[in-house]
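Here's the structure we're looking at; comments come further down.
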2 protein chains.
Amino acid sequence: MPSNAPMHLTPRKRPRQARAAATVDAIFEATIQVLVADGPDRLTTTRVAERAGVSVGTMYQYFPHKQALFYAVNERYLSALAERVEGAARAQHGAPVSEMVKAIVTTYWTVKTERPEVTRALYRSVVELDNESLIEAFAQRVDTATAAMLATAPDAAFADLRTVNLTLLTTIFGAVRSVFERDLPPLEAHAVQHQLILMCVAYLAAVKSAPRKAS
Amino acid sequence: MPSNAPMHLTPRKRPRQARAAATVDAIFEATIQVLVADGPDRLTTTRVAERAGVSVGTMYQYFPHKQALFYAVNERYLSALAERVEGAARAQHGAPVSEMVKAIVTTYWTVKTERPEVTRALYRSVVELDNESLIEAFAQRVDTATAAMLATAPDAAFADLRTVNLTLLTTIFGAVRSVFERDLPPLEAHAVQHQLILMCVAYLAAVKSAPRKAS
DNA sequence: ACCTGAACACCGTTCAAGT
DNA sequence: ACCTGAACACCGTTCAAGT
């Protein structure tokens with residue numbers, strides 16, 4: 001659980017606990033900035049400290065190793081992303097499946113696209129460690145939210161909801177990532193987004209077992 | 001274009017050009033081994049040189065920086081992968097679309113799964129640089145091959161073949177990557193693979209414009 | 001409490017010297 | 001031609017000293 005102090009670094013020099021909170025936020029912001037501007041390879045503790053306006057020693061008081069910087073940034077990012085998707089899923093309870101799919105794809109895509117440089121930088125910064133556990137935790141949250149949503153669809157039931165849900169999410173997460181990795185121009189990217197929705201809808205129509213459920 | 005000398009390092013100590021070729025292959029193999037065993041973070045020039053049985057200096061004669069090691073490994077890997085997919089695509093010319101999709105998904109999935117540790121290690125080693133151009137080159141080859149294949153389908157024509165093809169590949173590449181990233185257990189992974197085929201088939205059925213093409 | 005920055009170990013890269 | 005390995009610059013991490 002990361003600090004949840006105000007995002008803007010407070011006036012500098014306020015004493016005691018508050019000063020520390022400002023320091024942490026500054027380091028945090030600096031990490032993202034360096035990551036975006038210079039890439040994970042040139043992400044240097046010295047550089048981050050400098051950009052944050054603190055000494056290296058201070059940084060090490062809050063982040064025990066360089067990896068911790070990546071970790072903290074990813075944690076905040078994935079947590080915010082999960083929250084958004086959970087919200088979208090909740091809002092679609094009881095809606096027809098096509099609306100559900102549309103909402104999930106659009107939400108995920110929108111969040112990822114809001115700050116493309118950050119998204120790209122984070123995709124690149126996946127450097128092993130417990131980062132995998134972060135992704136797992138994220139996936140778990142979204143899994144749960146969308147499975148609960150799909151279960152409320154009035155126009156479809158699924159023999160194996162868990163697998164259908166897993167396939168859907170794997171595909172959506174992956175497709176978005178691929179688009180970023182290939183750096184598709186906006187026009188093509190947008191076309192793929194639209195097609196992705198069609199694809200998911202067609203898939204759900206193909207595997208649904210009508211109003212009542214079957215084994 | 002990397003060296004295409006024999007894979008097994010020749011007996012060591014053979015003089016002249018041959019010795020050099022063996023050295024390069026040894027370095028190449030050592031890079032993969034260290035990558036798989038220790039991860040990209042602990043991939044050290046010293047370690048690779050040691051494992052390859054040469055001095056650091058020698059390594060730098062063939063690979064001008066550490067990045068070049070990652071690059072070379074990725075190049076060989078992606079080239080081999082592209083070749084396999086191209087072959088599969090060629091073999092399906094004139095087949096019904098469902099067969100086409102099945103063949104492409106299965107081939108891609110199979111190759112990626114043949115040596116999972118290598119696949120995982122390479123997914124992790126994507127460290128910017130011209131690595132993006134490698135991926136682009138790879139995607140281009142596969143794009144071309146599958147587009148040509150889809151154009152020969154007797155049971156379907158597509159208004160916008162390029163976009164359909166792009167969506168298909170983006171989805172397949174991405175889904176496979178997501179499965180690796182989440183490290184899904186074999187049973188679930190296999191289920192997703194099967195569902196992915198269903199999904200692609202359903203998608204193609206939904207967007208095809210019957211025997212003759214429409215705008 | 002919180003911060004600083006010199007000091008140390010380690011890694012990427014070079015280059016003079018060997019065969 | 002091809003290889004070696006000591007040397008140098010730079011980065012991650014620590015810790016004694018400051019406020």
Side-chain angles (χ1 to χ4, degrees), chain A residues 3 5 9-31 34-35 37-73 125 127-131, chain B residues 3 5 9-31 34-35 37-73 125 127-131:
Chain A
S3 95
L9 31 160
T10 51
R12 177 85 57 95
K13 221 50 212 271
R14 198 99 77 58
R16 295 280 134 171
Q17 210 70 344
R19 184 168 52 143
T23 301
V24 169
D25 272 343
I27 295 172
F28 193 81
E29 261 309 308
T31 304
V34 173
L35 208 51
D38 303 344
D41 257 25
R42 263 149 301 183
L43 191 299
T44 277
T45 47
T46 330
R47 237 189 286 263
V48 171
E50 192 178 15
R51 192 123 180 181
V54 299
S55 84
V56 243
T58 297
M59 247 188 53
Y60 274 84
Q61 228 175 300
Y62 302 102
F63 299 89
H65 26 254
K66 198 175 112 170
Q67 286 284 350
L69 292 171
F70 290 103
Y71 190 87
V73 170
S125 81
V127 204
E128 66 192 296
L129 214 72
D130 285 324
N131 221 317
Chain B
S3 94
L9 30 159
T10 51
R12 176 89 55 99
K13 222 52 209 272
R14 197 97 77 58
R16 295 282 133 172
Q17 211 72 345
R19 185 169 51 145
T23 300
V24 170
D25 272 342
I27 294 172
F28 193 82
E29 261 308 309
T31 304
V34 173
L35 208 52
D38 304 343
D41 258 25
R42 264 150 299 182
L43 191 299
T44 278
T45 47
T46 330
R47 237 188 286 263
V48 172
E50 193 179 14
R51 192 123 178 180
V54 297
S55 85
V56 244
T58 298
M59 247 189 52
Y60 274 84
Q61 229 174 300
Y62 301 101
F63 299 88
H65 25 257
K66 197 175 114 171
Q67 286 283 350
L69 292 173
F70 290 102
Y71 190 87
V73 170
S125 80
V127 205
E128 68 193 296
L129 214 73
D130 285 323
N131 222 317

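Each chain gets a letter, A, B and so on, in the order its sequence line appears, and its residues count up from 1.
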A:I27 CD1 to C:dC2 P, in whole Å, measures 12 Å
Please state how far atom CD in A:Q61 lies from atom C1' in C:dC2, giving the value in whole angstrom units.
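It is 6 Å, rounded to the nearest whole Å.
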Who passes side chain to side chain contact (heavy atoms under 4.5 Å, CB included) against A:T58, sequence neighbours left out?
A:T23, A:V54, A:S55, A:Y62
Can you tell me how far apart CZ (A:F63) and CZ (A:F28) are? Round to the nearest 0.5 Å.
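CZ of A:F28 is found 7.0 Å from CZ of A:F63.
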With rounding to the nearest 0.5 angstrom, report the CD to CD1 distance, A:Q61 to A:I27.
9.0 Å
Which pairs would a plain distance check flag for residues 43-50 of chain B, meaning a side-chain donor or acceptor within less than 3.5 Å of a matching protein atom at least two apart in sequence or in another chain?
from  : atom 1 : to    : atom 2 : distance (Å)
B:R47 : NE     : B:R42 : O      : 2.9
B:R47 : NH2    : B:R42 : O      : 3.4

Summarise protein proximity over nucleotides 10-15 of chain D in one line of letters, 5' to 3': B for base, S for sugar-phosphate only, - for none, counting protein heavy atoms closer than 4.0 Å.
-SSBBB
Under 4.0 Å between any heavy atoms, over every strand shown, what does A:Y62 touch: base, sugar-phosphate, or nothing? Just pick one.
sugar-phosphate
For D:dC3 and B:T23 - does any side-chain N or O of the residue sit under 4.0 Å from the phosphate oxygens OP1/OP2?
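For D:dC3, OP1 or OP2 has a side-chain N or O of B:T23 closer than 4.0 Å.
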Base-pairing string, 5' to 3', of DNA chain D - Watson-Crick or wobble, under 3.5 Å, | interstrand
||.|||||...|||||.||
If you look at every heavy atom in B:S125 and B:L35, which pair is closest and at what distance?
CB-CD2, 4.3 Å
Counting side-chain heavy atoms from CB outward, which of D:dT4, C:dC2, C:dT4 is closest to A:V54?
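Of all the options, the side chain of A:V54 is nearest to C:dT4.
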